[in-house]
Structure formats: structure tokens, C-alpha cells
Protein chains: 2
Amino acid sequence: MITIIMSYEKIDMSKASEMLREYVAKNGMRNSSQREIILSAFLSAGKHITVDELFDSIKEKNPEIGYATVHRNLRLMCNSGIADEIKIGKGKTRFEPKLDHKHHDHLVCLKCGQLTEVNDEKIEILQDKLAQANGFIPMRHKLEIYGLCKKCR
Amino acid sequence: MITIIMSYEKIDMSKASEMLREYVAKNGMRNSSQREIILSAFLSAGKHITVDELFDSIKEKNPEIGYATVHRNLRLMCNSGIADEIKIGKGKTRFEPKLDHKHHDHLVCLKCGQLTEVNDEKIEILQDKLAQANGFIPMRHKLEIYGLCKKCR
DNA sequence: TTTAGTGCAAAGGCTTTGCAGATGT
DNA sequence: ACATCTGCAAAGCCTTTGCACTAAA
């Protein structure tokens, strides 16, 4: 079955917040008000966001938060399993929420740059087989299909 | 059918050279001895190579060739269809010969970083279907499977 | 000759880090 | 109090560019 995911499901903020606290506690780290602001801004961004974009969106209400802090916390979120880092083509590194957000692949429009999330179980299964046929233990994967989107075709 | 490509087929140097000359001629560009040296070094490198690695390998015999020239010519080769740029994970940009080298996907070992090239027709077909089901015209794609290779499992 | 290519060094763009001061615990 | 986190600025790292010079055509 092919599933097309056009936009994010609502992210469970309290669960994400809890996961982050847990990770922070386990690793002898501390909480901070900035971290919560960044987490909240990231989860409500609702798209594949760059560090700059997130920084800018936070700057509006919290101009005291620095770029490095945003960057460091984004990395922390990746480590704690809340966020995923995606690098597509020559574009900047982007981040997306991982929690309550199933694995998916990306359709990338070469004209307008639109990112659409898609998923196909059959492909997932074949990918695992392909890896195993080469004595490889697959753990995760990344599929990007480049072309022209509905609007640009 | 699953095809596992462990290493490069022999690259046809004269054909690549010809293609490059053609591209150069069409675009009102000129030839240069450096370009031929870089092309030759690139084609005989026989692996996914970074600009630095290529630069270093050329430096041995031709220390007068600059980094920028290697970089510029690598880009030129991409534009002329001889090379492909690949960006995997957080690693540096790598380049690989495209000519006489079929489309393939990559298995990336998370432990040792080994890159293995693989291909599966069925996946290719499903990918096109997946894209089309979303009104998308697929043109090319990139699949990377991360995990543990034979040696590291 | 004319103009693209080269080599050097410097500038860009993004990511990461050092450090002094602020802040959780 | 003590170690982490923050904010700033500076450093890194890789890629790209400006410019005077070299060399194809």
C-alpha cells in the first residue's frame, strides 16, 4: 500500500518534552528555559526546517537566544531521538521531528524545491532484502526521488 | 533481479575524454593539459573520491596543479555528464564516474564507512510508481541504506 | 591577440568551539 | 558550590571567487 503524507500529524509536545527530559537526566545534563523554547518552536514549525529558519522564528519572541544555542539543541534533539537531520542535494541541512512521525521517503521537486513525504511498504521490504543479499544488516535508509511536482510538471 | 556491484567496471577513458571535449567545444570553452590530467586521475581513482583525495593523488606527479583547478574541473565533469556528485550523511561531498557506470544505490556501513553499490530493478520500478501516484514526474533518485557491512556485523 | 583556464590567496557560508558569565540542581 | 548551559565571537572546514598571469585557438 502506498501512503502519501502531505503534512505533519499533530506532534505530541508533552511526549517529546518528556523524552528530552529523560535523555537529559540520563546523561547528567540540565534543563534550561531556552531548550524548552527551542523544542516548542521546532515541533510547531511543522516542516523540514533549517537552523537559520528556526533561529529566525525564535528570534521574534526571544531575541536573546543565540544561534549556537539553537544549533546545539537541535543536535541534542537528534541525539535524543526527537529530531532527524536530513540533507537533500546541495541544500542546507534540515531537521524534522521524528517522534510520532513515521519513517518516510521524500519527493523533491527540482523546480520549486517542494518536499513531499511518501511511503511504500513494498519498497521498504525490498530494500531490506537488497541489503541482506549483500550480507549487510540494514538499520535505516534514505530515499529521495527527484523530479517535477504536480504544480511544476 | 538483484545486482550487487562491488567495484567499478573498467571506465572507457577515451570515450569520457571525447565527451568532455564535446561539451567543452559546445560551450565555447578551451582544453587544457591540467584538465586531461585531472580527468585521467579521476577516472582511474576507481572509487567514490573527495576533492581532497583527488587533489592529493594528483599532487604526487603534478604538484603545480591547484586545488581550485581540481575542484572546478570536477564540477565541469559533473556538468558534462561524466561525473556525479554524491553526498552521504555528514561526510564530505564525493564524486564518482557516471559514464559506463549504471545507476545504483548505496549501502553505507555505519561502523567502517564502507560504500557498496547495489541495484534492484523491482525497487526502481516501485519508486517510479510511488512518485507517479503522487502526481510527480520522477527523473532520478537516490537511495542509501545504512547499517552494518559483512565485516562489521 | 583574444579570452578561457590556472594558481594563489582570500572571501563565503555554514557548522562548531572557546570562554566568561549566567543558571539549573 | 559546582558543572552545565548560554551567548558571543572567533575559529574551522570545505567550497567558491577575484585577480594577475599563462596558454589555448
Side-chain angles (χ1 to χ4, degrees), chain A residues 17 20-42 48-56 58-80 83-95, chain B residues 17 20-42 48-80 82-95:
Chain A
S17 184
L20 193 55
R21 276 167 191 279
E22 218 170 279
Y23 180 87
V24 160
K26 270 186 193 161
N27 292 75
M29 295 171 167
R30 290 171 189 175
N31 235 341
S32 83
S33 58
Q34 291 93 330
R35 183 165 296 156
E36 306 226 331
I37 291 167
I38 294 167
L39 173 65
S40 160
F42 172 62
H48 316 82
I49 202 169
T50 63
V51 183
D52 295 83
E53 288 166 353
L54 186 56
F55 175 64
D56 287 345
I58 289 170
K59 204 163 52 183
E60 291 169 19
K61 291 190 178 177
N62 299 86
E64 76 284 2
I65 295 181
Y67 186 94
T69 303
V70 174
H71 192 280
R72 280 189 282 235
N73 276 285
L74 229 22
R75 251 193 303 165
L76 172 64
M77 287 182 225
C78 287
N79 294 337
S80 68
D84 249 348
E85 188 179 335
I86 55 175
K87 268 196 170 176
I88 289 185
K90 293 172 192 173
K92 297 180 192 173
T93 303
R94 290 177 175 276
F95 296 85
Chain B
S17 185
L20 193 54
R21 277 167 192 279
E22 217 170 278
Y23 181 87
V24 161
K26 269 186 193 161
N27 292 76
M29 294 169 169
R30 289 172 190 175
N31 234 342
S32 83
S33 59
Q34 291 92 329
R35 183 164 297 158
E36 305 225 331
I37 291 166
I38 294 167
L39 174 65
S40 160
F42 172 62
H48 317 81
I49 202 169
T50 62
V51 182
D52 295 84
E53 288 166 354
L54 186 57
F55 174 64
D56 286 346
S57 78
I58 289 169
K59 204 162 51 183
E60 290 169 20
K61 291 191 178 175
N62 300 84
E64 76 283 1
I65 295 181
Y67 186 94
T69 303
V70 174
H71 192 279
R72 280 189 281 235
N73 277 283
L74 227 24
R75 250 193 304 165
L76 172 64
M77 287 182 224
C78 287
N79 294 336
S80 68
I82 287 172
D84 249 347
E85 187 180 335
I86 54 175
K87 268 196 171 176
I88 289 185
K90 292 171 196 177
K92 294 181 194 172
T93 303
R94 290 178 175 277
F95 295 86

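Proteins get letters first, then strands, A, B, ... in listed order; numbering begins at 1 in each.
Scanning for salt bridge (charged side-chain N to carboxylate O under 4.0 Å, His left out) contacts around R94(B) gives E53(B), with sequence neighbours left out. Shown here are the salt bridge (charged side-chain N to carboxylate O under 4.0 Å, His left out) partners of R75(B), two or more places apart in sequence or in another chain: there are none. Under the side-chain hydrogen bond (donor to acceptor under 3.5 Å, both in side chains) criterion, D56(A) pairs with K59(A), sequence neighbours left out. Every residue meeting the salt bridge (charged side-chain N to carboxylate O under 4.0 Å, His left out) condition with R21(B), not counting sequence neighbours, appears here in chain and number order: E36(B).
Interatomic distance, M29(B) CE to L76(B) CG, rounded to the nearest 0.5 Å: 5.5 Å. Rounded to the nearest 0.5 Å, atoms CD (E22(A)) and CG (N27(A)) are 11.0 Å apart. Going from atom CD1 of I38(A) over to atom CZ of F55(A) covers 10.0 Å, rounded to the nearest 0.5 Å. Here OG of S40(A) is found 8.5 Å from NZ of K61(A). Values are rounded to the nearest 0.5 Å. Here the CG-CD distance, from N31(B) to Q34(B), works out to 10.5 Å after rounding to the nearest 0.5 Å.
For the segment residues 20-34 of chain B, the set of residues with a heavy atom within less than 4.0 Å of an atom of DNA chain C comprises G28(B), M29(B), R30(B), S32(B), Q34(B), in numerical order. Near-neighbour residues of DNA chain C inside residues 61-74 of chain A, defined by a heavy atom below 4.0 Å, number-ordered: Y67(A), A68(A), H71(A), R72(A).
Bounding nucleotides for the chain B contact on DNA chain D, 5' to 3', at a heavy-atom distance below 4.0 Å, are dC14(D) to dA25(D).
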Just list the side-chain donor-acceptor pairs under 3.5 Å for residues 65-72 of chain B, sequence neighbours left out, or say none.
none

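Contact detail for L39(B) and S17(B): the closest heavy-atom pair is CD2-CA, 3.7 Å.
Direction change of the helix axis from one end of the helix from dT1(C)-dA25(D) to dT25(C)-dA1(D) to the other is 20°, with five pairs defining each end axis (rounded to 10°).
Contact of the V24(B) side chain with the R35(B) side chain is registered, since non-hydrogen atoms from C-beta on lie closer than 4.5 Å. Side-chain atoms of I58(A) and F42(A), non-hydrogen and from C-beta on, never get closer than 4.5 Å to each other.
Going from atom CD of E53(A) over to atom C1' of dT15(C) covers 16 Å, rounded to whole Å. Look at CG on L76(A): it is 15 Å from C1' on dT16(C), rounded to the nearest Å.
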